[in-house]
Every structure is written in structure tokens, then in C-alpha cells.
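Notes for the one structure printed next.
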Amino acid sequence: MDGSKAGNELFLVRNHFYLGNYQECINHVQKIKTASVEKDMFLYRSYIGQKQYGIVLDEVKKDSELYPIRLVAEYFTQIDRRPAIVQQIDDFVDKNRDSMDPIWIVAAGTIYFQEGMYENCLSIAGEDLESLALSIQCLLKLNRVDMARKTYETMQKTDEDATLTQLALAWIFMEVGGEKLQDAFYIFQEFSDKYSPTVPLLNGQAVCLIGQEKYEEAESTLREALNRDPNNYDTLINLMALAQQQETGWEIPQRYLTQLRENYRDSPFIREYTKKETDFETLSLQYAPSKSLDLEAF
């Protein structure tokens, strides 16, 4: 395979991964005969995206150059070990902050983001498009749209038409809201038309539609996403939000909540939801009638 063809294949590998089309990413990797750490990294990240963690754990050994990707698989499958894995990442970052391998940046960034450690994530981000895109996601989580815009400008100067640059712009538009929701929708729609309507793209469109109060269109879009992945985390949360907006009663959102608890019991959403339930129950007890109340006094 000549260099230009290999480069084009790697472009397709990256592109399908960034759009959430993990199976196509895997298919393209398997077509590339030339050995490449980068293609293997995207291969195993795609398996993680499909929740096929066992493949990663079986094939990526602890002495492999791709060991950081194995750590990500361990993080998702070994909940009790998560604090130890985060500590291992912290220790590595502290010792190698100025000379971190891109694979370690990807792994550390993924785990930090999952943990809600957005400042840590920002502290290790590089200047490549993927690092900048992750930085934008972190900044939006921190409600720093101003800094996210500046980071997007850096991406724009590097490659305005790159998939990640366009996706980053859509994320910013979604955070800004209002008329920008339609612009974000068009970006997601364009990628869906050009490649295929993946679950992340469908969820992006649905969020834009919910924000514009186009609930029927949003429901149709989320149903399509659900058909592609019945237990997708973002789809279930968006369906819960949509059901509340449509005032369908509690039965339907409760069904999605049950799915989330069964499949993502240690996710940020479920952790926060459980905490609020506990807080509410504690608060309710403060206003409950006293058992020793003497009714005869009345």
C-alpha cells in the first residue's frame, strides 16, 4: 500500500471513529495491511465504543505500547478498581507531563473526562485536533463558552473543514442555544447525509430539536438511535428529558431510568440522581409527622 493510500485509509479510520461509526472504523482498520500503532489504537478504541471490552483485555497486554487503552477498558469494566486506575493515571501524568505519549494523553483524557475531572483533562491536552476537541468539551462542561470559542478558533486555523472542527462548532452552538441550535442541527445532518446517521449524530440532532420544542421530530430521531443501540447512555437520558417535556407521566421516564440503573449504575447521571434521591428523603424526614404526636391534644 503506497503512502497516499495508507494516509487516506487512516483518514477514514479517524473519521468514522469521531462520528461514532465504530464498526466502519474497525472494518477500515482491518483493510490496512501496513503495521501502525495509530490504526491499532483506533481499532481498540472502537471496540471500547462498542462496549466490547473483553476483546481489548484479551488482546492488549500489559507490556504493550497500547497499554493505556487497556487501562480505559479496565476502567469501564472494573468499577471497584476505578480509584486505583485514576491514581495510576495521576502518577504517570505527574512524572511525564512534559513528554506524554499521545496514547497516554488519549487514555488519561478519556478517564479524567468520565470522572468529571475537567481541569485535569485540560492540563494534559495537546495542540492536535482531538486534544483541542476534548478541551472544548471540558470547557463547555465548566460553562466556559468564551474559552471554548477561542479553542475552536485554534482548530479552525489548523483545519476548518476537519470533522472534529465542525463537530466542535456544533457543540458550541448547542451550548449557546437559541437560533444556533438550527446551525448545530445542520452540521449533524450534513455528516449523517455524507456518511451515515450514527447514534452520536442522531443524539446531537435530537438535542437540537428538543431545544427548539420540535418534540415529535426529536422523538422520531431518538427512536432511530434506540433502534441502533437499545442501551445507549445518551439516548436514554435524552428520551427521559423528552418524556418530561411532553408530560407523558412518570411511567415512561421511569422505564428509561431503570435501564440506566441496570446498565450504567456508576455513571455520573445515576450517581447524581441517587444523591438527589437520598437528599430528598433526608429532607422529607425532617417534615414528617412526629410519631409521638399526641392527637388527643387537638
Inset, instruction - May I ask you to decide if G211's main-chain N or O and K214's side chain share a donor-acceptor pair within less than 3.5 Å? - result: no
Legend entry - Pairwise distance CG(D128) to OG1(T158) - rounded to 0.5 angstrom: 9.5 Å
Legend entry - Flag, side chain of Q212 to backbone of C208, donor-acceptor distance under 3.5 Å: yes
Legend entry - Separation between CZ of R70 and CG of D58, rounded to the nearest 0.5 Å: 8.5 Å
Inset, instruction - Look at atom CD of Q78 and say whether more than 12 heavy atoms of other residues, nucleotides or ligands are closer to it than 6.0 Å. - result: yes
Legend entry - Side chain proximity check, L236 to L226, heavy atoms < 4.5 angstrom: yes
Legend entry - Co-membership, hydrophobic cluster, residues I69 and Y22, 4.5 Å side-chain: yes
Legend entry - Check: D234/N203 side-chain N/O donor and acceptor closer than 3.5 Å: no
Inset, instruction - Check whether any side-chain heavy atom of D101 lies under 4.5 Å from a side-chain heavy atom of W104, and answer yes or no. - result: yes
Legend entry - Side-chain touch E115/Y75, heavy atoms, less than 4.5 angstrom: yes
Inset, instruction - Ignoring hydrogens and angles, tell me if any N or O in the side chain of Y215 forms a donor-acceptor pair with the backbone of A243 under 3.5 Å. - result: no
Legend entry - D183 and E179, any side-chain heavy atoms less than 4.5 Å apart: no
Legend entry - Interatomic distance, L209 atom CG to L181 atom CG [nearest 0.5 angstrom]: 9.0 Å
Legend entry - Atom CZ of R82: over 12 foreign heavy atoms under 6.0 Å: yes
Legend entry - S123 and R97 side chains, donor-acceptor separation under 3.5 Å: yes
Inset, instruction - Just do the side chain to side chain contact (heavy atoms under 4.5 Å, CB included) check on Q182 and F173 with the steps written out, would you? - result: CA-CA 9 Å; Q182 189 63 42; F173 283 161; over 6 Å; no
Legend entry - Distance flag, aromatic centroids of Y118 and Y112, threshold under 6.0 Å: no
Legend entry - Worked verdict on E119 versus L142 for side chain to side chain contact (heavy atoms under 4.5 Å, CB included): CA-CA 9 Å; E119 291 87 353; L142 295 168; 3.8 Å; yes
Inset, instruction - Look at atom CG of D193 and say whether more than 12 heavy atoms of other residues, nucleotides or ligands are closer to it than 6.0 Å. - result: yes
Inset, instruction - Provide the closest heavy-atom pair for L202 versus P197 in the form atom of the first, atom of the second, distance. - result: CD1-O, 3.5 Å
Inset, instruction - Check step by step if salt bridge (charged side-chain N to carboxylate O under 4.0 Å, His left out) holds for R228 and E224. - result: CA-CA 7 Å; R228 292 171 180 271; E224 183 178 352; 3.5 Å; yes
Inset, instruction - Measure the OG1-CD distance between T151 and Q156 for me, rounded to the nearest 0.5 Å. - result: 12.5 Å
Legend entry - Main-chain N/O of L139 paired to R144 side chain as donor or acceptor, under 3.5 Å: no
Inset, instruction - Would you mind checking if E153 and R149 are paired as a salt bridge, meaning a charged N to carboxylate O distance below 4.0 Å? - result: no
Inset, instruction - Look at the side chain of S131 and the backbone N and O of A125, then say whether any donor-acceptor pair between them is shorter than 3.5 Å. - result: no
Legend entry - Any side-chain heavy-atom pair of D40 and L66 under 4.5 Å: yes
Inset, instruction - Count the heavy atoms of every other residue, nucleotide or ligand shown that sit under 6.0 Å from CZ of R265, and state whether that count exceeds 12. - result: no
Inset, instruction - May I ask you to decide if V60's main-chain N or O and S64's side chain share a donor-acceptor pair within less than 3.5 Å? - result: no
Inset, instruction - Tell me, with the steps shown, if L71 and Y67 meet side chain to side chain contact (heavy atoms under 4.5 Å, CB included). - result: CA-CA 6 Å; L71 270 183; Y67 172 67; 3.5 Å; yes
Legend entry - Q205 versus S192, side-chain donor and acceptor atoms under 3.5 Å: yes
Inset, instruction - Check whether any side-chain heavy atom of L169 sits under 4.5 Å from a side-chain heavy atom of M155, and report yes or no. - result: no
Legend entry - Any residue meeting side chain to side chain donor-acceptor pair (under 3.5 Å) with K276, in chain and number order, not counting sequence neighbours: E272
Inset, instruction - Check whether any side-chain heavy atom of P102 lies under 4.5 Å from a side-chain heavy atom of M41, and answer yes or no. - result: no
Inset, instruction - Provide the closest heavy-atom pair for G204 versus M174 in the form atom of the first, atom of the second, distance. - result: O-CE, 4.2 Å
Just distance, no hydrogens or angles: give the donor-acceptor pairs under 3.5 Å from side chains in residues 43-54, sequence neighbours left out.
{"unit_1": "Y44", "atom_1": "OH", "unit_2": "E59", "atom_2": "OE1", "d": "2.7"}
{"unit_1": "R45", "atom_1": "NH1", "unit_2": "E130", "atom_2": "OE1", "d": "3.4"}
{"unit_1": "R45", "atom_1": "NH1", "unit_2": "E130", "atom_2": "OE2", "d": "3.1"}
{"unit_1": "R45", "atom_1": "NH2", "unit_2": "E130", "atom_2": "OE2", "d": "2.5"}
{"unit_1": "S46", "atom_1": "OG", "unit_2": "F42", "atom_2": "O", "d": "2.9"}
{"unit_1": "Q50", "atom_1": "NE2", "unit_2": "Q23", "atom_2": "OE1", "d": "3.0"}

Inset, instruction - Please report the C-alpha distance between L10 and R14 in whole Å, then the side-chain angles of each, then the deciding distance to 0.1 Å, and finally whether the side chain to side chain contact (heavy atoms under 4.5 Å, CB included) criterion is met. - result: CA-CA 6 Å; L10 278 175; R14 297 187 204 99; 3.9 Å; yes
Inset, instruction - Examine the side chains of D159 and T165 and answer whether a donor and an acceptor come within less than 3.5 Å of each other. - result: no
Legend entry - Minimal non-hydrogen separation, G126 against L132, with atom names: O-CD2, 4.0 Å
Legend entry - Spacing of CE belonging to M117 relative to CD1 belonging to I89, to within rounding of 0.5 Å: 10.0 Å
Legend entry - Where L57 and A73 come nearest, the two heavy atoms and their spacing: CD2-CB, 3.9 Å
Inset, instruction - Determine, using the 4.5 Å side-chain heavy-atom cutoff (strictly less than), whether F185 and I172 are members of one ILVMFWY cluster. - result: no
Inset, instruction - With Y264 as reference, evaluate F269, Y233, Y273, Y256 under the ring pair (Phe, Tyr, Trp, His ring centres under 6.0 Å) test and give the passing residue. - result: Y233
Legend entry - Nearest-0.5 Å distance, CD1 of residue I136 to CD of residue E175: 12.0 Å
Legend entry - D161-Q166 side chain donor-acceptor pair, cut-off 3.5 Å: no
Inset, instruction - Would you tell me whether N21 and T198 have side-chain atoms, one donor and one acceptor, within less than 3.5 Å of each other? - result: no
Inset, instruction - State plainly whether one hydrophobic cluster holds both V93 and I103, where clusters connect Ile, Leu, Val, Met, Phe, Trp and Tyr through side-chain heavy atoms under 4.5 angstrom apart. - result: yes
Inset, instruction - Take atom OH of Y186 as the centre, draw a 6.0 Å sphere, and report whether it contains more than 12 heavy atoms from other residues, nucleotides or ligands. - result: no
Inset, instruction - Just say parallel, tilted or perpendicular for the rings of Y195 and H16, cut-offs at 30° and 60°. - result: perpendicular
Inset, instruction - Please report the closest heavy-atom contact between V199 and A225, naming both atoms and the distance. - result: CG2-O, 3.9 Å
Inset, instruction - Check whether L201 and I237 end up in the same hydrophobic cluster, where Ile, Leu, Val, Met, Phe, Trp and Tyr are linked by side-chain heavy atoms less than 4.5 Å apart. - result: no
Inset, instruction - Considering non-hydrogen atoms only, spot the tightest contact between A218 and A206 and give its length. - result: CB-O, 3.9 Å
Inset, instruction - Look at the side-chain heavy atoms of Ile, Leu, Val, Met, Phe, Trp and Tyr, link any pair under 4.5 Å apart, and say whether I210 and L140 land in one connected group. - result: no
Legend entry - Validation row: L257, W250 side chains within 4.5 angstrom (heavy atoms): yes
